[in-house]
Amino acid sequence: MELKVTRWKRYGHDRLYANLPDGTAVGWADVRTGDITVLVAEYRDDVITVLKDHLRNNPEPVLPQKMPRTPEAEAPPLLPPLTAADDLSANRPGQSLLDKSGPGLIKRVVLQLLRRPAEWDSWRKGLEGEQRVGAELNRLERHGWRVLHSILLADKVDVDHLLIGPGGVFSINTKHHHKRAVWVGDDSVKVDHGKPAPYARKSRAEAKRVARVLERYCGFPVPVEPVLVFVGVTDLKVVATQLGVRVYREREVAALAPLSGVLTYEQVDQVYGVARHRQAWSGG
């Protein structure tokens, strides 16, 4: 079996990962200590052979085994036991908007009388959009995916949906533009040829934040892709150079279902266990 070796350096870790042709990690070596960890027993001999070869040819010195080790510096931080209050798997789509409750009845009436219904409309459309996309994502659970909704980050920014499975992790941002035409560029989005909005750029930044949190507690690389999902649009155009963000209509997110080869099932369980823990995101 021919394995591809990639190097990963982050958060004090320096590792060589042995991957199958489809990208699945089957083992890794600590560059500093020379220790090899086999993730899939079936490929044990191949993993050890290829990683030992790469360690020998590595330009950076490998510390001898007799050197003092600091496992506490290598191990990822531990989260406290998960409680019902901290379990984000109980969140419904649009939970963060539901928690805000939106404008009250009296305020809605006043806004309508003043012909200023924008605040209520924005809350209602945002909630409906997240609920519709959330329903589509929940259908992917039958294909082995895990879904979380309304993850609040440290600065009151929330991730609308997080999809976790063998195909990786997807940070999903929902935009509801009823009966509007949408154009998606490399960094910005225009609705009905209006003023550019930084949806794409913000989606990429959000995905990077999600990856930092997950990798910190998991201790291995967690690829996170940004996704923009548009609800209710009449037309959706995406420039050919837009490769950094996946762009879908709400019914098109099913295209993610067959993706695989990025995370093992064990890694999916570990990532989901971290992601559903509210305290993991408190510093994100």
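Since the structure is predicted, the reported quantities are computational estimates derived from the model, not experimental observations.
- Rounded to the nearest 0.5 angstrom, R204 CZ and R209 CZ are separated by 15.5 Å.
- Nearest heavy atom pair, residue L263 against residue V169, reads CD1-CG2, 4.2 Å.
- A continuous path of Ile, Leu, Val, Met, Phe, Trp and Tyr side chains, each step under 4.5 Å between heavy atoms, connects V268 with Y217, placing both in one hydrophobic cluster.
- When all heavy atoms of A275 and L162 are compared, the pair lying nearest together is CB-CD2, 4.0 Å.
- Residues W28 and V271 fall within the same hydrophobic cluster, defined by Ile, Leu, Val, Met, Phe, Trp and Tyr side chains chained together at heavy-atom separations under 4.5 Å.
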field: Worked verdict on E252 versus V247 for side chain to side chain contact (heavy atoms under 4.5 Å, CB included)
entry: CA-CA 9 Å; E252 296 171 345; V247 182; over 6 Å; no
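- The shortest side-chain heavy-atom distance between V182 and D235 does not fall under the 4.5 Å cut-off.
- The hydrophobic clustering, which links ILVMFWY residues whose side-chain heavy atoms are closer than 4.5 Å, places L236 and V133 apart.
- Distance alone, capped at 3.5 Å, is enough to place a donor-acceptor pair between the H277 side chain and the P80 backbone.
- For R180, the salt bridge (Lys or Arg N to Asp or Glu O under 4.0 Å) test picks out D192, with sequence neighbours left out.
- Interatomic distance, H176 NE2 to E250 CD, rounded to the nearest 0.5 Å: 7.5 Å.
- Under a hydrophobic-cluster definition in which Ile, Leu, Val, Met, Phe, Trp and Tyr are linked whenever side-chain heavy atoms come within less than 4.5 Å, directly or via other members, V213 and V222 are assigned to the same cluster.
- Distance CG/L79 to CZ/R276: 12.0 Å, rounded to 0.5 Å.
- Side chains of V238 and V245 form no contact here, defined as non-hydrogen atoms less than 4.5 Å apart.
- Taken to the nearest 0.5 Å, the CG atom of L259 stands 5.0 Å off from the CZ atom of F170.
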- request: Please test K190 against H193 for side chain to side chain contact (heavy atoms under 4.5 Å, CB included), starting from the C-alpha separation and ending with a verdict.
  value: CA-CA 5 Å; K190 292 182 180 180; H193 307 287; 5.7 Å; no
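- To the nearest 0.5 Å, atoms CG (N138) and NE2 (H149) are separated by 4.0 Å.
- Between Q267 and C218, the closest side-chain pair of non-hydrogen atoms is not below 4.5 Å.
- Ring geometry for Y199 against H177 counts as parallel: the plane angle stays under 30°, on a 0 to 90° scale with 60° as the upper cut.
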message: Show, in sequence, the C-alpha distance, side-chain angles and deciding distance for N91 and L148, and conclude whether the side chain to side chain contact (heavy atoms under 4.5 Å, CB included) test is met.
response: CA-CA 7 Å; N91 280 4; L148 294 170; over 6 Å; no
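- The shortest non-hydrogen separation linking L127 to P93 is CD1-O, 4.3 Å.
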- request: Quick one: do V229 and N173 satisfy side chain to side chain contact (heavy atoms under 4.5 Å, CB included)? Show the steps, please.
  value: CA-CA 6 Å; V229 181; N173 199 332; over 6 Å; no
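- A side-chain donor-acceptor contact under 3.5 Å links Q242 to the backbone of D186.
- Contact annotation: the side chain of R7 approaches that of V31 to within less than 4.5 Å [non-hydrogen atoms, C-beta and beyond].
- A pairwise comparison of heavy atoms in G144 and P166 identifies O-CD, 4.1 Å as the closest pair.
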message: Before you tell me yes or no, could you show the steps for E136 and R139 under salt bridge (Lys or Arg N to Asp or Glu O under 4.0 Å), namely the whole-Å CA-CA distance, both residues' side-chain angles and the distance that decides it to 0.1 Å?
response: CA-CA 5 Å; E136 294 294 328; R139 292 190 178 95; 3.0 Å; yes
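- Between P258 and H143 there is no side-chain heavy-atom pair separated by less than 4.5 Å.
- A donor-acceptor contact shorter than 3.5 Å is absent between the side chain of S188 and the backbone of P196.
- The main-chain N or O of P77 is never found under 3.5 Å from a side-chain atom of R216 such that the two would form a donor-acceptor pair.
- In summary, of the residues considered (D160, L163, V224, V227), a side-chain contact (heavy atoms from CB on, under 4.5 Å) with S171 occurs for V224 alone.
- Note: the hydrophobic cluster containing W145 does not contain L214 (ILVMFWY, side chain heavy atoms under 4.5 Å, direct or indirect links).
- Contact record, L140 with A257: CD2-CB, 3.8 Å, taken as the closest heavy-atom pair.
- Here the CG-CG distance, from L16 to L51, works out to 6.5 Å after rounding to the nearest 0.5 Å.
- Of the possible polar contacts, one joining the S282 side chain to the Q279 backbone as a donor-acceptor pair under 3.5 Å is found.
- Salt-bridge check for E128 with K125: failed, with every basic side-chain N at 4.0 Å or more from each acidic carboxylate O.
- In summary, of the residues considered (L152, D158, I151), a side-chain contact (heavy atoms from CB on, under 4.5 Å) with W281 occurs for I151 alone.
- Of the possible donor and acceptor atoms, none in the side chain of R44 sits under 3.5 Å from a partner among the backbone N and O of V38.
- Here the shortest heavy-atom pairing between A200 and G185 reads CB-O, 4.2 Å.
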